[in-house]
Amino acid sequence: MLHTNWSRSFDREHPLPEYPRPQFVRESYLNLNGTWNYAIKKSSALPREFLAQITVPFSPETELSGVCRVLKPDEYMFYEKTFTLPEGFNKGRVFINFGAVDQIAEVYLNGKRVGGHIGGYTPFTIELTDAINETDENQLIVAVQDFSDTKYYSKGKQKLNRGGIWYSPQSGIWQSVWLESTPVEYLESVKITPDYDNESVSFEYFGTDNVEVMIYDGDNLIADTTDKVVKLPDFKPWSPESPFLYNVVFKACGEKIKSYFGMRKFSTGVDSRGVKRLFLNNKPYFHNGLLDQGYYSDGYLTPPDYAAMENDIRFVKEAGFNMLRKHIKIEPLMYYHYCDVNGILVWQDMVNGGGEYGLETSVIPFVGVKLDDRNYKLFHRTDKEGRDLYYREMEDTVKLLYNCPCIAVWVPFNEGWGQFDSAKAYSKIKELDATRIVDTTSGWHDLGSSDVISKHIYFTPIKVKKGNRPYVLSEFGGYSMKIEGHTFNNKMFGYKIFKSKSSLTNAYNHLYNRVIIPQIKDGLCAAVYTQLTDVEDELNGLLTYDRKACKIDINVLKEINERVKL
């Protein structure tokens with residue numbers, strides 16, 4: 001097994017103990033990560049015995065879980081945890097939160113089914129109030145089934161027959177599990193919308209409207225009001241160069257809940273030379289970033305420690321990039337918090353689903369053919385349940401991340417994977433969030449409903465073609481190099497292979513200095529290099545899969561990136 005440095009000091013009894021939702025922090029918190037019991041069966045009937053143990057929240061397929069076993073599509077996995085509520089914990093209602101469970105979950109407390117969830121990448125909350133025992137031990141059981149890539153459910157980069165750009169399957173609980181308690185009437189959530197042009201911020205409340213909001217600039221209280229729209233004259237903008245965040249405290253129903261926001265604006269416009277551009281805070285701004293899969297060699301989708309996740313983001317910042325494209329994964333909310341704090345723009349992909357992909361994602365786009373994605377058969381999207389699920393998960397994703405200042409671009413579809421009705425998807429996202437840019441069909445099959453022209457170019461010359469939308473190079477590069485002792489296996493996938501650090505550095509220099517930088521003036525508005533880290537067979541990362549080696553000196557990257565701008 002290829003270990004990161006963080007797994008060497010891994011605490012199986014208390015993994016990822018931090019409060020996992022920085023955007024909405026309640027005082028009530030009981031972390032349930034750690035050692036759980038489990039059983040795997042062919043039947044969906046709840047087991048009588050749990051004879052083995054697993055470390056939650058790591059998928060059974062990972063070494064950090066202590067299991068190292070693939071859950072098959074015809075199997076059921078049952079998690080069991082007993083816990084006792086601390087004295088005084090229950091303020092009126094008790095909820096359990098799951099960051100993510102792949103793919104289908106049913107939850108039982110003390111023998112009673114209390115709820116369930118479908119979808120392996122989005123969080124869910126279940127009320128436990130009527131089933132919980134406040135004074136004695138409680139038995140929690142989570143039943144999981146994961147069809148991986150054999151059905152239409154969201155699957156991301158997972159594949160039972162892994163290889164190349166497709167990665168090892170994983171299942172079950174893979175983000176934090178925790179309890180919280182609220183009063184009977186409580187503030188469920190808040191939608192925070194900065195209005196850059198009108199020097200104000202608005203708050204939309206759910207659960208109760210009786211809310212007092214206090215806004216802080218550092219330690220200085222600058223607003224204390226029950227108004228839902230608060231003026232902020234002479235506010236401090238948020239940007240990658242100056243990621244200033246205002247802290248917020250919401251007082252409602254006897255609780256104090258902490259959050260934050262950044263004053264920034266994402267839009268498109270025309271620069272002084274008449275070129276369509278991406279704008280940040282009403283000025284043309286170049287998005288210079290990396291593709292980020294969010295996989296770890298020892299935890300797969302789950303970081304061994306949040307510090308590992310923060311380390312990735314700090315490397316990106318120190319290397320001079322200002323953006324990450326979060327590729328086909330919804331991260332734990334800590335990830336977006338680190339991007340908010342460090343000033344990294346995020347292009348957020350929706351997670352792909354549908355049937356087995358074919359020519360619509362491979363040969364056909366490379367010969368310049370655009371397919372009509374209203375033809376569900378062509379795109380392997382004939383299951384109406386799968387299409388409906390996609391829209392539910394899209395809505396959940398937008399609502400989940402809406403308050404994160406770093407989110408700049410939504411990406412509904414990538415390279416035709418499970419694509420359908422892209423015009424409808426574009427309109428739906430704009431209804432949910434009119435404050436961000438939408439790259440509807442990243443790569444190809446662009447049918448016109450998108451804020452940008454989005455291209456993936458690996459094999460042919462990169463040539464910017466001006467149009468009526470900003471031109472973004474949403475994937476390119478993929479330069480690969482193997483470093484012995486830092487690889488997942490002996491396989492090697494990449495678009496161009498290099499044998500040494502010097503040859504890779506020279507090629508990377510040439511790519512940016514001769515191709516990317518000169519075309520910025522011609523209309524190139526964003527560049528997303530593939531990629532931040534190696535992942536399994538893919539050895540095209542700037543960092544190795546274990547994060548222990550950097551293939552191009554960080555000072556070289558920083559020097560180049562100082563010139564990747566408008």
Side-chain angles (χ1 to χ4, degrees), residues 33 36-47 50 52-81 96 98-108 113 115-124 126 140-163 166-177 293-296 299-302 328-332 350-357 380 383 385-386 388-390 392-393 396-397 417-418 535-536:
N33 293 345
W36 292 43
N37 301 315
Y38 81 92
I40 295 176
K41 299 171 51 184
K42 293 282 188 178
S43 165
S44 61
L46 297 183
F50 298 85
Q53 292 187 324
I54 183 171
T55 300
V56 169
F58 295 92
S59 293
E61 291 80 4
T62 69
E63 185 186 22
L64 292 183
S65 72
V67 178
C68 299
R69 186 221 199 263
V70 175
L71 182 67
K72 299 176 183 177
D74 63 346
E75 295 178 324
Y76 296 83
M77 183 166 181
F78 301 88
Y79 293 80
E80 191 242 12
K81 177 80 171 179
I96 188 168
F98 294 87
V101 182
D102 195 12
Q103 286 171 312
I104 302 171
E106 298 286 337
V107 182
Y108 302 82
R113 184 188 180 279
H117 183 260
I118 297 174
Y121 290 80
T122 50
F124 60 100
I126 296 173
L140 175 67
I141 295 177
V142 182
V144 173
Q145 189 173 25
D146 185 358
F147 294 102
S148 192
D149 60 315
T150 66
K151 288 197 174 182
Y152 56 73
Y153 300 101
S154 56
K155 51 203 172 189
K157 300 295 289 286
Q158 301 177 60
K159 197 173 180 63
L160 287 173
N161 185 23
R162 59 152 302 280
W166 305 104
Y167 312 145
S168 296
Q170 61 180 96
S171 55
I173 300 171
W174 66 272
Q175 288 190 33
S176 286
V177 184
Q293 312 276 3
Y295 273 73
Y296 298 84
Y300 294 1
L301 286 174
T302 311
I328 316 298
K329 179 191 179 188
I330 312 300
E331 288 283 7
M350 301 299 163
V351 181
N352 56 296
E356 185 174 358
Y357 307 144
H380 305 273
D383 289 287
E385 296 89 348
D388 291 344
L389 179 61
Y390 172 84
R392 289 201 300 273
E393 292 182 333
D396 288 346
T397 301
W417 301 349
V535 185
E536 299 195 354

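None of these values were measured; they are calculated from a predicted model. We're numbering straight along the sequence, starting at 1. Below, each value reflects all heavy atoms present in this structure, side chains not excepted, and no hydrogens, waters or symmetry copies.
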**Message:** Can you confirm whether Val144 sits close enough to Val101 that some side-chain heavy atom of one is under 4.5 Å from a side-chain heavy atom of the other?
**Reply:** yes
**Message:** Within the 4.5 Å heavy-atom criterion, are Ser154 and Gln103 side-chain neighbours or not?
**Reply:** no
**Request:** For Thr62 and Phe58, indicate whether the former's side chain and the latter's backbone hold a donor-acceptor pair under 3.5 Å.
**Result:** no
**Request:** Quick one: pull up CG in Asn37 and OH in Tyr79 and give me the separation to the nearest 0.5 Å.
**Result:** 12.5 Å
**Prompt:** So, does Gln158 use its side chain to make a donor-acceptor pair with the main chain of Gln170 at under 3.5 Å?
**Reply:** yes
**Prompt:** Is the gap between the ring centers of Tyr153 and Phe147 under 6.0 Å?
**Reply:** yes
**Message:** Is any side-chain heavy atom of Tyr76 closer than 4.5 Å to one of Ile40?
**Reply:** no
**Item:** Closest contact, heavy atoms only, Asp102 versus Asp146
**Value:** OD2-OD2, 3.5 Å
**Request:** Can you measure from OG1 (Thr122) to CG (Leu389) and round to the nearest 0.5 angstrom?
**Result:** 8.0 Å
**Prompt:** Considering only heavy atoms from C-beta outward, does the side chain of Ile141 approach that of Val107 to under 4.5 Å?
**Reply:** no
**Asked** Is a donor on one side and an acceptor on the other found under 3.5 Å between the side chain of Glu393 and the backbone of Tyr390?
**Response** no
**Message:** If you count every heavy atom of other residues, nucleotides or ligands that lies below 6.0 Å from Lys329 atom NZ, does the total exceed 12?
**Reply:** yes
**Prompt:** In Å, rounded to the nearest 0.5 Å, how long is the span from OH of Tyr300 to CD of Glu63?
**Reply:** 9.0 Å
**Prompt:** Would you say the side-chain atoms of Asn352 and Tyr357 include a donor-acceptor pair closer than 3.5 Å?
**Reply:** yes
**Prompt:** Is the closest side-chain heavy-atom distance between Glu356 and Thr150 below 4.5 Å?
**Reply:** no
**Message:** What I'd like to find out is whether the side chain of Asp396 reaches to under 4.5 Å of the side chain of Pro123, using heavy atoms alone.
**Reply:** no
**Intermediate values then yes/no, salt bridge (charged side-chain N to carboxylate O under 4.0 Å, His left out), Glu106 and Arg113** = CA-CA 7 Å; Glu106 298 286 337; Arg113 184 188 180 279; 2.5 Å; yes
**Message:** ring pair (Phe, Tyr, Trp, His ring centres under 6.0 Å) for Tyr167 and Tyr295? Distances and angles first, verdict last.
**Reply:** CA-CA 9 Å; Tyr167 312 145; Tyr295 273 73; 4.8 Å; yes
**Message:** ring pair (Phe, Tyr, Trp, His ring centres under 6.0 Å), that's the test. Do Phe98 and Phe124 meet it? Break it down for me.
**Reply:** CA-CA 5 Å; Phe98 294 87; Phe124 60 100; 4.8 Å; yes
**Request:** Check step by step if side chain to side chain contact (heavy atoms under 4.5 Å, CB included) holds for Asp149 and Asn161.
**Result:** CA-CA 9 Å; Asp149 60 315; Asn161 185 23; over 6 Å; no
**Message:** Is there a side chain to side chain contact (heavy atoms under 4.5 Å, CB included) between Ile328 and Gln293? Walk through the geometry before answering.
**Reply:** CA-CA 7 Å; Ile328 316 298; Gln293 312 276 3; 5.5 Å; no
**Message:** Are the side chains of Ile54 and Pro60 in contact, using a 4.5 Å heavy-atom criterion?
**Reply:** yes
**Message:** Checking the side chain of Ser65 only, and the main-chain atoms of Val67 only, is there a donor and an acceptor separated by less than 3.5 Å?
**Reply:** yes
**Asked** Could you give the distance from CG (Asn33) to CD (Gln175), rounded to the nearest 0.5 Å?
**Response** 10.5 Å
**Message:** Do Asp74 and Gln145 pair up side chain to side chain, a donor and an acceptor below 3.5 Å, judged on atom types alone?
**Reply:** no
**For Trp166 against Gly156, the heavy-atom pair lying closest together** = CZ3-O, 3.7 Å
**Fill in**
The single option from Lys157, Lys159, Glu536 that satisfies side-chain hydrogen bond (donor to acceptor under 3.5 Å, both in side chains) with Ser168 is Glu536
**Prompt:** Tell me, do Leu301 and Ser59 make a side-chain contact under 4.5 Å, heavy atoms counted?
**Reply:** no
**Distance, nearest 0.5 Å, that separates OH of Tyr121 from NZ of Lys155** = 10.5 Å
**Item:** Cationic tip of Lys41 above Phe78 ring, under 6.0 Å, 45° of axis
**Value:** yes
**Request:** To the nearest 0.5 Å, tell me how far Met77 CE sits from Ser171 OG.
**Result:** 6.5 Å
**Shortest non-hydrogen contact from Gly116 toward Ile126** = N-CD1, 3.9 Å
**Asked** Taking the side chain from Asp383 and the backbone from Glu385, do they hold a donor-acceptor pair closer than 3.5 Å?
**Response** no
**Closest heavy-atom pair and its distance - Thr302, Pro57** = OG1-O, 3.4 Å
